[in-house]
Peer 1: 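Okay, handing you the structure first.
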Amino acid sequence: MSERKRLTRIFKMHGLSLQASALDTLLDVVQREAEVGRNKADVNNVIFNIIDEIKDRRIQGGNGSGGRSSNVGNIVTSALLEDVVADFRRDAKDVSDEAVQLLDAFHMPRLDFDRMRKNFSLVPFGKEERTLYGEAVAKVDMFNQRYALIQQRILRQDIFQPKLVTNRLARSAQNNGGTHTITPVESLLGRSGRRFLLGMIVQVEEGKYYLEDHTAQVPLNFSEASLLTDGFVTENSVVLIEGEAIDGVLHVHNMGSPIVENRLDSIKAIGLQNTDIFNSIGSLSEYEKLREQELEHGEDGMFVVLSDVYLDSPAVIEKIERMLEGYSDFNPLPIFVFMGNFTSKPLSSASEGTKAMISYFEDLANVICKFPNVANEGRFVFIPGPNDPGITGVLPRGPIPNYFTAALRSKVKNVMLASNPCRMRFFTKEIVFFRDNLVSKMRRNCLIEPRQDSNGQLSSHAIKTVLDQGHLSPLPLSTSPIYWQHDHALRLYPFPDALICGDRVEQYYETYEECDAINPGPFSNGFNFVVYRPVGETSGSQTKSDVELCEVP
């Protein structure tokens with residue numbers, strides 16, 4: 001029996017029909033396998049593996065590798081077969097390269113929560129018109145969505161879940177602290193006694209703060225308030241309050257941040273596909289396949305993150321060179337993430353300032369090119385800081401304009417200019433990068449002094465604030481302006497696996513509800529940086545990250 005007939009028969013026995021061009025491709029595969037010394041049994045195993053993969057793709061809906069090819073019915077096309085064979089030939093580097101995906105803030109899908117239907121939907125980029133300067137309704141919708149996402153999270157907590165009361169004893173137990181009810185602001189009228197409320201703190205008049213929900217608003221009296229959770233309380237933050245309405249004013253007795261939930265619990269509530277902002281997981285089976293690759297190859301992934309990299313400082317350039325020298329022999333190379341500011345002080349918009357910035361990035365390119373392997377194989381991500389070129393002062397902010405980095409991009413092969421904030425996917429892990437002076441901004445705008453019986457670190461208070469609020473900038477818009485129709489790019493719901501925030505404070509690392517919160521510290525002051533491994537170690541089907549706070553000697 002000829003080889004063509006044998007292969008055709010094997011596929012027919014598995015319910016598949018080979019097109020003539022696909023058969024030619026398969027014959028080439030068999031020939032190459034034989035040439036590398038494989039025996040007939042090994043070659044047959046390769047064929048059966050190909051058949052199994054094709055059948056798996058048919059079960060998943062007929063799409064292979066993100067929709068690059070398709071098969072109709074039982075027919076195996078040449079394109080499908082080539083796609084399957086290419087997947088089998090990918091090495092660990094190919095898998096790791098494809099595992100990394102950068103998402104710009106201005107191209108990010110928007111998670112929408114419908115309060116009436118109580119369901120989520122993911123609005124893809126391009127499906128709705130978004131502008132930098134939206135109409136007033138966009139501002140209203142921005143705050144409505146912020147509040148609604150926190151409200152649905154709170155109402156799913158056991159403490160606010162109404163229980164079925166069947167007798168007087170059970171009713172008494174419930175009234176003594178079993179569960180609580182969130183009272184809408186409009187329902188305070190004519191009611192006495194302490195109530196639990198959930199609302200956003202807004203400043204309606206100069207120096208006068210109100211609690212507002214989707215029903216109404218009421219003036220606040222903080223004079224006797226006791227703060228029960230860590231974090232900063234600022235204007236535009238959502239808080240849980242226990243208080244009593246007297247003469248039209250809500251007197252606050254106890255106040256705290258909204259109850260949080262970890263990433264896995266949020267994904268269960270929202271739905272896997274509604275959280276797939278990278279458009280990389282078409283189904284649960286594809287997610288499981290990505291998890292298998294993560295367990296097998298994830299430990300090779302590493303991010304080296306620097307913040308406040310002052311390229312106008314000779315000492316900084318010297319330390320960057322020393323750092324790159326230390327990583328130049330790594331295989332695979334880490335992903336280098338440089339966050340601004342990239343100069344020690346803002347440059348003027350005049351031609352002298354523009355020329356200076358161009359020369360600074362060219363100096364950096366020359367340093368990187370001293371290590372050919374790093375220049376050709378390394379991947380570099382540049383995230384702008386508050387004082388870097390471009391449209392500044394409003395979040396999210398766009399990447400550094402290409403004009404300033406032309407020399408860098410011509411000499412270094414893999415340069416990615418990212419927005420601030422931006423997100424990266426590493427297999428199934430989501431990492432948020434953000435450059436802002438969070439601690440100082442929150443310290444200046446806090447309405448109530450943070451608790452003193454915690455660890456006392458202001459950076460810890462700041463991180464817990466943004467995670468509790470599910471937002472990178474829960475501050476007054478006068479302090480931290482935001483493009484209303486792009487506010488969703490600043491959300492932290494569900495929690496990312498890691499939040500790497502470049503701030504002008506000392507290095508820190510802590511884990512909060514399974515989210516790694518990291519600050520690499522200013523590289524310009526002490527030459528600090530951080531090494532982050534999303535998959536530091538594996539144990540069975542579980543992974544654990546690894547964070548190393550470093551310093552260039």
Peer 1: Can you see whether Arg146 engages His488 through a side-chain donor-acceptor pair at a distance of less than 3.5 angstrom?
Peer 2: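 No, no side-chain donor-acceptor pair sits under 3.5 Å.
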
Peer 1: Taking atom CZ of Phe278 and atom OG1 of Thr275, what is their separation to the nearest 0.5 Å?
Peer 2: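 The distance works out to 10.5 Å.
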
Peer 1: Are Gln19 and Ser78 close enough, and set up right, to give a side chain to side chain donor-acceptor pair (under 3.5 Å), and what steps lead you there?
Peer 2: CA-CA 7 Å; Gln19 284 187 347; Ser78 177; over 6 Å; no

Peer 1: Using modelled atom types only, decide if a donor and an acceptor are shared between the side chain of Asn528 and the backbone of Phe523 within a distance under 3.5 Å.
Peer 2: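 No, Asn528 side chain to Phe523 backbone: no donor-acceptor pair under 3.5 Å.
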
Peer 1: Could you tell me if the side chain of Leu472 sits less than 4.5 Å from the side chain of Val432, heavy atoms only?
Peer 2: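 A side-chain contact under 4.5 Å exists here.
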
Peer 1: Would you call Asp436 and Asp503 a side-chain contact if the rule is heavy atoms closer than 4.5 Å?
Peer 2: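 When only atoms from C-beta onward are counted, Asp503 and Asp436 do not touch, as no gap falls below 4.5 Å.
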
Peer 1: Determine whether Glu514 and Phe495 satisfy the following criterion, side chain to side chain contact (heavy atoms under 4.5 Å, CB included), listing intermediate values before the conclusion.
Peer 2: CA-CA 9 Å; Glu514 302 176 16; Phe495 278 6; over 6 Å; no

Peer 1: Main chain of Ile10, side chain of His14: is a donor-acceptor contact present, judged purely on distance under 3.5 Å?
Peer 2: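 At least one qualifying donor-acceptor pair exists.
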
Peer 1: Please enumerate all residues that pass salt bridge (charged side-chain N to carboxylate O under 4.0 Å, His left out) together with Asp329, with sequence neighbours excluded.
Peer 2: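 Expected list: none.
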
Peer 1: Quick check for you: to the nearest 0.5 Å, what is the distance between Ile150 atom CD1 and Gln145 atom CD?
Peer 2: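 Spacing of CD1 (Ile150) from CD (Gln145) equals 11.5 Å.
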
Peer 1: Decide whether Ser17 and Asn74 meet the rule of one side-chain donor and one side-chain acceptor closer than 3.5 Å.
Peer 2: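 Per modelled atom types, Ser17 and Asn74 side chains form no pair under 3.5 Å.
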
Peer 1: Could you grab the distance from atom CD of Gln152 to atom OH of Tyr493, nearest 0.5 Å is fine?
Peer 2: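 The CD atom of Gln152 sits 4.0 Å away from the OH atom of Tyr493.
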
Peer 1: What's the separation between atom CG in Leu111 and atom CZ in Arg491, rounded to the nearest 0.5 Å?
Peer 2: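 CZ of Arg491 is found 6.5 Å from CG of Leu111.
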
Peer 1: Ignoring hydrogens and geometry, is there a side-chain-to-backbone donor-acceptor pair from Tyr509 to Pro520 under 3.5 Å?
Peer 2: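 No: the side chain of Tyr509 does not pair with the backbone of Pro520.
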
Peer 1: Assess the side chains of Asp487 and His471: does a donor N or O sit below 3.5 Å from an acceptor N or O?
Peer 2: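 Yes, a side-chain donor-acceptor pair sits under 3.5 Å.
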
Peer 1: Before you tell me yes or no, could you show the steps for Val531 and Val547 under side chain to side chain contact (heavy atoms under 4.5 Å, CB included), namely the whole-Å CA-CA distance, both residues' side-chain angles and the distance that decides it to 0.1 Å?
Peer 2: CA-CA 6 Å; Val531 175; Val547 178; over 6 Å; no

Peer 1: Taking atom CG of Leu492 and atom OG of Ser266, what is their separation to the nearest 0.5 Å?
Peer 2: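 Between atom CG of Leu492 and atom OG of Ser266 there are 11.0 Å.
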
Peer 1: Please name the pair of heavy atoms, one in Ala407 and one in Ala365, separated by the smallest distance, quoted to 0.1 Å.
Peer 2: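 Scanning both residues completely, I find the closest heavy atoms to be O-CB, 4.3 Å.
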
Peer 1: I'd like to know whether Asp276 forms a side chain to side chain donor-acceptor pair (under 3.5 Å) with Tyr287, so could you lay out the CA-CA distance, the side-chain angles of the two residues, the decisive distance to 0.1 Å, and finally the verdict.
Peer 2: CA-CA 10 Å; Asp276 182 21; Tyr287 175 80; over 6 Å; no

Peer 1: Between Glu3 and Lys5, does any side-chain N to carboxylate O distance fall below 4.0 Å?
Peer 2: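 Judged by the 4.0 Å cut-off on N to carboxylate O distance, Glu3 and Lys5 do not form a salt bridge.
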
Peer 1: State, yes or no, whether a side-chain contact exists between Lys429 and Arg425 at a heavy-atom distance under 4.5 Å.
Peer 2: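 Side chain of Lys429 against side chain of Arg425, heavy atoms only: no contact under 4.5 Å found.
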
Peer 1: Counting only heavy atoms not in Leu27 (residues, nucleotides, ligands), do more than 12 fall under 6.0 Å from its CG?
Peer 2: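 Atom CG in Leu27 is packed in, count exceeds 12.
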
Peer 1: Asn44 vs Arg6, test: side chain to side chain donor-acceptor pair (under 3.5 Å). Steps then yes/no.
Peer 2: CA-CA 11 Å; Asn44 285 339; Arg6 188 179 77 88; 3.1 Å; yes

Peer 1: Is Glu362 reaching over with its side chain to a backbone N or O of Leu408, donor-acceptor style, under 3.5 angstrom?
Peer 2: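 Not a single qualifying donor-acceptor pair exists.
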
Peer 1: Does any non-hydrogen side-chain atom of Ile335 lie less than 4.5 Å from one of Met302?
Peer 2: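 Contact flag for Met302/Ile335 side chains = no.
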
Peer 1: Judged by modelled atom types alone, do Tyr512 and Asp468 share a side-chain donor-acceptor pair under 3.5 Å?
Peer 2: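 Indeed, the side chains of Tyr512 and Asp468 share at least one donor-acceptor pair under 3.5 Å.
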
Peer 1: Output, in order, the C-alpha distance, side-chain angles, deciding distance and verdict of side chain to side chain contact (heavy atoms under 4.5 Å, CB included) for Gln507 and Phe529.
Peer 2: CA-CA 8 Å; Gln507 288 179 307; Phe529 65 99; 5.6 Å; no

Peer 1: Do Ile50 and Leu81 come within less than 4.5 Å of each other through their side chains, counting heavy atoms only?
Peer 2: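 In contact.
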
Peer 1: Looking at Asp56 and Lys289, does any basic side-chain N land under 4.0 Å from a carboxylate oxygen?
Peer 2: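 Result for this pair is no, no salt bridge flagged.
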
Peer 1: Take Arg4 and Asp24 through the salt bridge (charged side-chain N to carboxylate O under 4.0 Å, His left out) test and state the conclusion after the steps.
Peer 2: CA-CA 8 Å; Arg4 296 181 70 90; Asp24 291 337; 3.0 Å; yes

Peer 1: I would like to know whether Phe106 and Tyr483 meet side chain to side chain contact (heavy atoms under 4.5 Å, CB included); could you show each step before the answer?
Peer 2: CA-CA 10 Å; Phe106 294 96; Tyr483 293 118; 4.3 Å; yes

Peer 1: Does Asn373 use its side chain to pair, donor to acceptor, with the backbone of Ser328 at less than 3.5 Å?
Peer 2: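 Yes: the side chain of Asn373 pairs with the backbone of Ser328.
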
Peer 1: Please answer whether the main-chain N or O of Ala105 pairs with a side-chain N or O of Ser419 as donor and acceptor at a distance below 3.5 Å.
Peer 2: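 Yes; at least one donor-acceptor contact below 3.5 Å.
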
Peer 1: Between Phe336 and Tyr327, what is the ring plane arrangement, given parallel below 30°, perpendicular above 60°, and tilted in between?
Peer 2: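 Ring orientation, 0 to 90° scale: perpendicular.
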
Peer 1: Within the distance-only criterion (no hydrogens, no angle test), does the side chain of Gln157 pair as donor or acceptor with the backbone N or O of Arg153 below 3.5 angstrom?
Peer 2: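 Pair found, side chain donor or acceptor close to backbone of Arg153.
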
Peer 1: If we only count heavy atoms from C-beta on, is the Phe330 to Val304 side-chain gap below 4.5 Å?
Peer 2: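 Result no, sub-4.5 Å side-chain heavy-atom pair not found.
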
Peer 1: Below 4.0 angstrom, N of the basic side chain to O of the carboxylate: do Glu325 and Lys370 qualify?
Peer 2: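 Salt bridge between Glu325 and Lys370, a charged N being under 4.0 Å from a carboxylate O: no.
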
Peer 1: Rounded to the nearest 0.5 Å, what separates atom CD1 in Ile281 from atom CD in Glu288?
Peer 2: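 So the gap between those two atoms works out to 10.0 Å.
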
Peer 1: I want to check something: taking the side chain as every heavy atom from C-beta on, are Phe342 and Leu364 in contact at a cut-off of under 4.5 Å?
Peer 2: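 Result no, sub-4.5 Å side-chain heavy-atom pair not found.
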
Peer 1: Between Asn274 (side chain only) and Ile270 (backbone N and O only), is there a donor and an acceptor less than 3.5 Å apart?
Peer 2: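 Side chain of Asn274 to backbone of Ile270: a pair is present.
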
Peer 1: If a pair satisfies salt bridge (Lys or Arg N to Asp or Glu O under 4.0 Å) and one of its residues is in residues 258-275, list it, with sequence neighbours excluded.
Peer 2: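 For residues 258-275: Arg156-Glu261, Arg263-Glu430, Arg263-Asp497.
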
Peer 1: Does the distance from a Lys or Arg side-chain N to an Asp or Glu carboxylate O, for Glu377 and Lys413, drop under 4.0 Å?
Peer 2: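 Looking at Glu377 and Lys413, the cut-off is not met.
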
Peer 1: Could you check whether any side-chain heavy atom of Pro384 comes within less than 4.5 Å of a side-chain heavy atom of Arg435, counting everything from C-beta outward?
Peer 2: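 No, side chains not in contact.
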
Peer 1: Parallel, tilted or perpendicular: which describes the rings of Phe380 and Phe382, with under 30° parallel and over 60° perpendicular?
Peer 2: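 Rings of Phe380 and Phe382: parallel, as their planes differ by under 30°.
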
Peer 1: Donor-acceptor pairs are to be reported for all side-chain atoms of residues 394-406 against protein atoms at under 3.5 Å, with residues two or more places apart or in another chain.
Peer 2:
residue: Arg397; atom: NH1; partner: Gly385; partner atom: O; Å: 3.0
residue: Arg397; atom: NH1; partner: Asp388; partner atom: O; Å: 3.2
residue: Arg397; atom: NH2; partner: Pro389; partner atom: O; Å: 2.5
residue: Thr405; atom: OG1; partner: Asn402; partner atom: O; Å: 3.3
residue: Thr405; atom: OG1; partner: Arg409; partner atom: NE; Å: 3.0

Peer 1: Stepwise, does the side chain to side chain donor-acceptor pair (under 3.5 Å) test hold for Gln469 with Ser257?
Peer 2: CA-CA 8 Å; Gln469 296 296 321; Ser257 300; 4.9 Å; no

Peer 1: Using a cut-off of 6.0 Å, state whether more than 12 heavy atoms not belonging to Glu129 lie near its atom CD.
Peer 2: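 No - once you tally the heavy atoms of other residues, nucleotides and ligands closer than 6.0 Å, there are 12 at most.
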
Peer 1: Any salt bridge linking Arg423 with Asp104? Criterion: basic side-chain nitrogen under 4.0 Å from a carboxylate oxygen.
Peer 2: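 No salt bridge links Arg423 with Asp104.
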
Peer 1: For the backbone of Pro372 and the side chain of Asn376, can you confirm whether one donor and one acceptor N or O come within less than 3.5 Å of each other?
Peer 2: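 Side chain of Asn376 to backbone of Pro372, a donor-acceptor pair under 3.5 Å: yes, one is there.
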
Peer 1: Any donor-acceptor pair under 3.5 Å linking the side-chain atoms of Thr538 with those of Glu299?
Peer 2: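 Per modelled atom types, Glu299 and Thr538 side chains form a pair under 3.5 Å.
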
Peer 1: Heavy-atom count check: over 12 atoms from other residues, nucleotides or ligands less than 6.0 Å from Glu135 CD?
Peer 2: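 At most 12 heavy atoms, drawn from other residues, nucleotides or ligands, come within 6.0 Å of this atom.
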
